[in-house]
Amino acid sequence: MKEKNTFDKIYDVVGQIPEGKVASYGQIAELAGNRRWARVVGYALHVVPDSMHLPCHRVVTKEGRVSGAFLSGGVNRQARMLEEEGVEIEEDRVDMRKYQWSKRIF
DNA sequence: AACATGACATAAG
DNA sequence: CCTTATGCCATGT
């Protein structure tokens with residue numbers, strides 16, 4: 001039996017993000033085991049296979065800002081998807097106080 | 001094995 | 001607000 005690797009944990013956490021909510025990289029990293037894995041989370045989502053169908057569009061930076069290298073063509077694409085799920089976007093940013101998925105409320 | 005790169009977070013200046 | 005430095009994992013060369 002093999003224990004889950006860091007990436008698997010990250011994928012697991014990301015897959016648990018409910019609809020209409022968003023999670024920050026640091027948040028996922030913390031839930032996955034260590035908050036310093038924020039960078040690993042970014043890389044994990046970068047190489048994530050489509051088969052996982054992870055809601056990567058619900059993952060944003062701590063500022064509620066969508067990463068620039070996310071989708072080709074522009075960030076607007078992602079903000080659009082979040083709005084469809086009920087997340088309000090303002091200046092390409094999300095109101096973390098209201099939409100961040102987590103117990104940890106600002 | 002070593003080095004460089006990457007969708008971040010935090011601390012310090 | 002910005003830059004610089006450090007931390008972590010996996011991958012590519």
Side-chain angles (χ1 to χ4, degrees):
Chain A
M1 305 306 293
K2 295 182 180 179
E3 295 180 4
K4 287 188 177 183
N5 293 338
T6 307
F7 272 40
D8 290 332
K9 292 179 184 176
I10 292 168
Y11 294 143
D12 188 44
V13 175
V14 175
Q16 291 171 44
I17 301 173
E19 191 177 298
K21 294 274 184 181
V22 296
S24 62
Y25 293 90
Q27 187 69 53
I28 294 165
E30 191 174 357
L31 293 171
N34 293 306
R35 80 191 218 181
R36 297 195 185 98
W37 296 353
R39 193 163 223 215
V40 184
V41 174
Y43 192 64
L45 294 178
H46 188 78
V47 300
V48 63
D50 288 352
S51 307
M52 290 226 165
H53 297 129
L54 296 183
C56 31
H57 55 272
R58 291 185 197 141
V59 184
V60 295
T61 66
K62 207 172 151 204
E63 298 176 331
R65 189 55 147 119
V66 182
S67 302
F70 194 99
L71 295 170
S72 16
V75 189
N76 199 339
R77 176 85 163 118
Q78 192 182 17
R80 182 81 181 157
M81 286 173 74
L82 290 171
E83 282 187 306
E84 300 245 345
E85 293 190 355
V87 179
E88 212 171 356
I89 307 293
E90 195 69 39
E91 302 278 314
D92 288 336
R93 273 198 226 166
V94 181
D95 214 328
M96 298 305 275
R97 284 175 295 198
K98 299 180 178 182
Y99 297 108
Q100 181 173 37
W101 166 63
S102 174
K103 316 88 192 199
R104 181 193 211 168
I105 305 221
F106 179 66

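A, B, ... follow the sequence lines: proteins, then strands. Residue 1 opens every chain.
- In this structure, the CG atom of A:L82 is 14 Å from the C1' atom of B:dA7, given to the nearest Å.
- The interatomic distance linking A:R36 (CZ) with B:dC8 (P) rounds to 18 Å, in whole Å.
- If you find the closest nucleotide of DNA chain B to A:V60 and to A:V40, the one lying nearer the 5' end belongs to A:V40.
- Atom NE2 of A:H46 and atom P of B:dA4 are 19 Å apart (whole Å).
- Residue A:Y99 comes nearest to A:G20 through the heavy atom pair CD2-O, 3.8 Å, listed as atom of the first residue, atom of the second, then distance.
- Nearest heavy atom pair, residue A:G15 against residue A:P55, reads CA-CD, 4.2 Å.
- Going from atom CG of A:D8 over to atom CE of A:M52 covers 6.0 Å, rounded to the nearest 0.5 Å.
- Here the side chains of A:T61 and A:S67 are in contact, with some heavy-atom distance below 4.5 Å.
- Counting 5' to 3', DNA chain C first comes under 4.0 angstrom of a heavy atom of chain A and last does so at the ends given by C:dG7 to C:dT11.
- Rounded to a whole Å, the CH2 atom of A:W37 is 16 Å from the P atom of B:dT10.
- Across all non-hydrogen atoms, the minimal contact from A:I17 to A:K21 is CG2-O, 3.7 Å.
- Under the 3.5 Å distance criterion, the side-chain polar atoms of A:Q78 are matched with a main-chain donor or acceptor of A:H57.
- Considering only side-chain N and O atoms, A:K62 lies nowhere under 4.0 angstrom from the phosphate OP1 or OP2 of B:dC8.
- By the 30° and 60° cut-offs, the orientation of the rings of A:Y11 relative to A:F7 is perpendicular.
- Here the C1' atom of nucleotide B:dA7 and the CZ atom of A:R65 are 13 Å apart, to the nearest Å.
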Extract from the structure each pairing of a protein N or O with an N or O of nucleotides 1-3 of chain B at less than 3.5 Å, listing the distance.
none

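- Between A:S24 and A:Q100 the shortest heavy-atom distance is OG-NE2, 3.5 Å.
- For A:E88, the CD atom counts as loosely surrounded, since its 6.0 Å shell holds 12 or fewer non-hydrogen atoms of other residues, nucleotides or ligands.
- When base pairs are accepted only as Watson-Crick or G-U wobble with both N-N or N-O distances under 3.5 Å, DNA chain B takes part in stems of 3 or more pairs at B:2-6 with C:9-13, B:8-13 with C:2-7.
- Ranked by how close their nearest DNA chain C nucleotide is to the 5' end, A:F7 and A:A38 are led by A:A38.
- Across the protein-nucleic acid pair, A:R35 atom CZ and B:dC8 atom P stand 17 Å apart, rounded to whole Å.
- The OH-P distance, from A:Y11 to B:dA7, rounds to 14 Å in whole Å.
- Within the 3.5 Å criterion, the main-chain N or O of A:D12 finds a donor-acceptor partner in the side chain of A:Q16.
- Between A:M96 and A:E63 the shortest heavy-atom distance is CG-C, 4.2 Å.
- Put simply, CG on A:L31 is 18 Å from P on B:dC8, counting in whole angstrom units.
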